[in-house]
Number of protein chains: 2
Amino acid sequence: MAVYLQVLEELEAEGEEIISSSKLAQLCGVNPSQIRKDLAYFGEFGVRGVGYYVTDLKESIKHFLGLDKTWNCAIVGIGNLGRALINHRAIKDKGYRIVGAFDWDPFKIGEKVGDLEIICTRRLKEKAKELNIQIGIITTPPNRAQRAANHIVEAGIKAILNFSPTRISVPDDVIVDYVEFSRYLIYLSFKLIHG
Amino acid sequence: MAVYLQVLEELEAEGEEIISSSKLAQLCGVNPSQIRKDLAYFGEFGVRGVGYYVTDLKESIKHFLGLDKTWNCAIVGIGNLGRALINHRAIKDKGYRIVGAFDWDPFKIGEKVGDLEIICTRRLKEKAKELNIQIGIITTPPNRAQRAANHIVEAGIKAILNFSPTRISVPDDVIVDYVEFSRYLIYLSFKLIHG
DNA sequence: CTCACATTGAGAAAAAATTCACAAACCAAA
DNA sequence: TTTGGTTTGTGAATTTTTTCTCAATGTGAG
């Protein structure tokens, strides 16, 4: 679905107003029926005999994916990875705003990263309400990840993205996703061995 | 498959010598038949009436995935993200070694990151042979990504991991994989909206 | 050695995902 | 208005994936 969105945005930028499922399928590298099934799943957007209106469809998918609003994120752990994410283009562009930078290290607190000031992790709860933070991102060293998660949960945030290579345990109503760099490398080396 | 491996490593650390497909399935959160099919796919490792020998199975999977040897990687683009990867634990632990750090910026060249010295990207080809680099990792800004890719291809490296939010074009015999942080965030916000 | 029990490997069955195929609907031109 | 050319939406057919089932095989006790 995210692939369709990306292609649709490119089409819109090129000034295309209407696209058929077969052309879109070609651009996405999938089967036309696949596209029609996927799109029919959350509404009827096409016009028979015509195709899909690029802008309308793009907006509908964005709405479906929740990309028509901005999401406020907090980063916990301001090392190299945290700083990289704060400055990362693609994240901003998709409607995700990093509005808080948290760390435990007293020497870092008060330091500026971009236009954010690093705040003590203990103040996460207070700041989460003030800044309406919906997603917490953990970029601490592994041994601090669980503590970071605890602070995030405590602050009432219901979604966590964990970059630290450790499993964390949270209540059932909190969604967690893991970014594992090694997975990508395993895929590549696997491909290098087997066709 | 990578999940099985992780669980097996934990089991081995706990001193377990034998595991049945049903127990392993429980730990991985999948169906026992699934496990047996997956494992049977690349050999017969189990013993009927007994189960699987944890260490043997772990080694077999590692071999299958190509994790029984070390892979040499080069990072092109030494910003925050590049530095984060160089220092990242999980990567080293899986047998991937970052052996080269490359950047275009003359002010960075010669600087030390961990025990690596930043080298000019133009010397990538020469260094790739010397260091036997098999995987190139792009962590440049988007507008430099294609140029980085060109240098990597030029150096005869056949696998690229691109962290930059741009598509790159390379010859057919070069494998490319993309790390898109926004995908993870989209998943989380989607889950926050729909169950 | 034989028997009772446990567990794999693999074929059969079931479920899920993908693709096909075509009626229904739309547009444009005559 | 009618006709011909498109393209969607959807039920049917197909393919793929997952799960079930059970004979084959191994262990250990008697």
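Note that the structure is a prediction, hence the values are computed from the model and not measured. All chains are named by letter (A, B, ...) in the order of the sequence lines, taking the proteins before the strands, and each is independently numbered beginning at 1.
Taking the six-membered ring where the residue is Trp, the centroids of A:Tyr178 and B:Tyr184 are separated by 6.0 Å or more. Between A:Phe64 and B:Phe190, the distance separating the two ring centers is shorter than 6.0 angstrom.
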Could you give the side-chain donor-acceptor pairs of residues 7-18 of chain A under 3.5 Å, partners two or more places apart or in another chain?
unit_1: A:Glu12; atom_1: OE1; unit_2: A:Lys58; atom_2: NZ; d: 3.0
unit_1: A:Glu12; atom_1: OE2; unit_2: A:Thr55; atom_2: OG1; d: 3.0

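Atom CG of A:Asn150 is separated from atom OG1 of A:Thr121 by 11.5 Å, given to the nearest 0.5 angstrom. In this structure, CG on B:Leu81 lies 6.5 Å from CG on A:Leu81, to the nearest 0.5 angstrom.
In the displayed structure, A:Lys158 atom NZ is contacted under 6.0 Å by more than 12 heavy atoms of other residues, nucleotides or ligands. More than 12 heavy atoms of other residues, nucleotides or ligands lie within 6.0 Å of NZ in B:Lys108, so this atom counts as buried by the packing criterion.
The separation between B:Glu44 atom CD and D:dT25 atom P is 11 Å, rounded to whole Å. B:Phe45 has its CZ atom 16 Å from the C1' atom of C:dA10, to the nearest Å. Per the geometry, CD1 belonging to A:Ile19 stands 16 Å off P belonging to D:dT6, to the nearest Å. In this structure, A:Ile35 places its CD1 atom 16 Å from P of D:dT10, rounding to the nearest Å. Taking atom CG of residue A:Leu39 and atom P of nucleotide D:dT10, one finds them 12 Å apart after rounding to whole Å.
Using a 4.0 Å heavy-atom criterion, one finds that A:Tyr41 contacts no nucleic acid atom at all. Contact annotation for B:Ser22: no contact, since no heavy-atom pair falls under 4.0 Å across all strands.
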Between the protein and nucleotides 28-30 of chain C, are there any N/O to N/O pairs under 3.5 Å, and if so, what are the atom names and distances?
none

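Every residue meeting the side chain to side chain contact (heavy atoms under 4.5 Å, CB included) condition with B:Ile109, not counting sequence neighbours, appears here in chain and number order: B:Cys120. With sequence neighbours excluded, the residues that form a salt bridge (Lys or Arg N to Asp or Glu O under 4.0 Å) with B:Glu154 are B:Lys125.
In the helix from C:dC1-D:dG30 to C:dA30-D:dT1, the terminal helix axes, each the rotation mapping four pairs' C1' atoms onto the next four within five end pairs, subtend 0°, rounded to 10°.
If you check C:dC26, C:dG9, D:dG26 against the side chain of A:Val47, the one that comes closest is C:dC26.
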Protein proximity profile, nucleotides 15-24 of chain C - base contact B, sugar-phosphate-only contact S, no contact -, cut-off 4.0 Å on heavy atoms: ---SBBB--B
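For the pair A:Tyr53 and D:dT7, the criterion of a side-chain N or O lying under 4.0 Å from OP1 or OP2 is not met.
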B:Leu192 and A:Ile135: CA distance, side-chain angles, deciding distance, side chain to side chain contact (heavy atoms under 4.5 Å, CB included) verdict: CA-CA 9 Å; B:Leu192 283 175; A:Ile135 298 175; 4.3 Å; yes
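Residues B:Ala40 and B:Lys23 both approach DNA chain C. Their nearest nucleotides, taken by heavy-atom distance, put B:Lys23 toward the 5′ side.
Between B:Arg123 and B:Glu126, at least one side-chain nitrogen of the basic residue sits less than 4.0 Å from a carboxylate oxygen of the acidic one, meeting the salt-bridge criterion.
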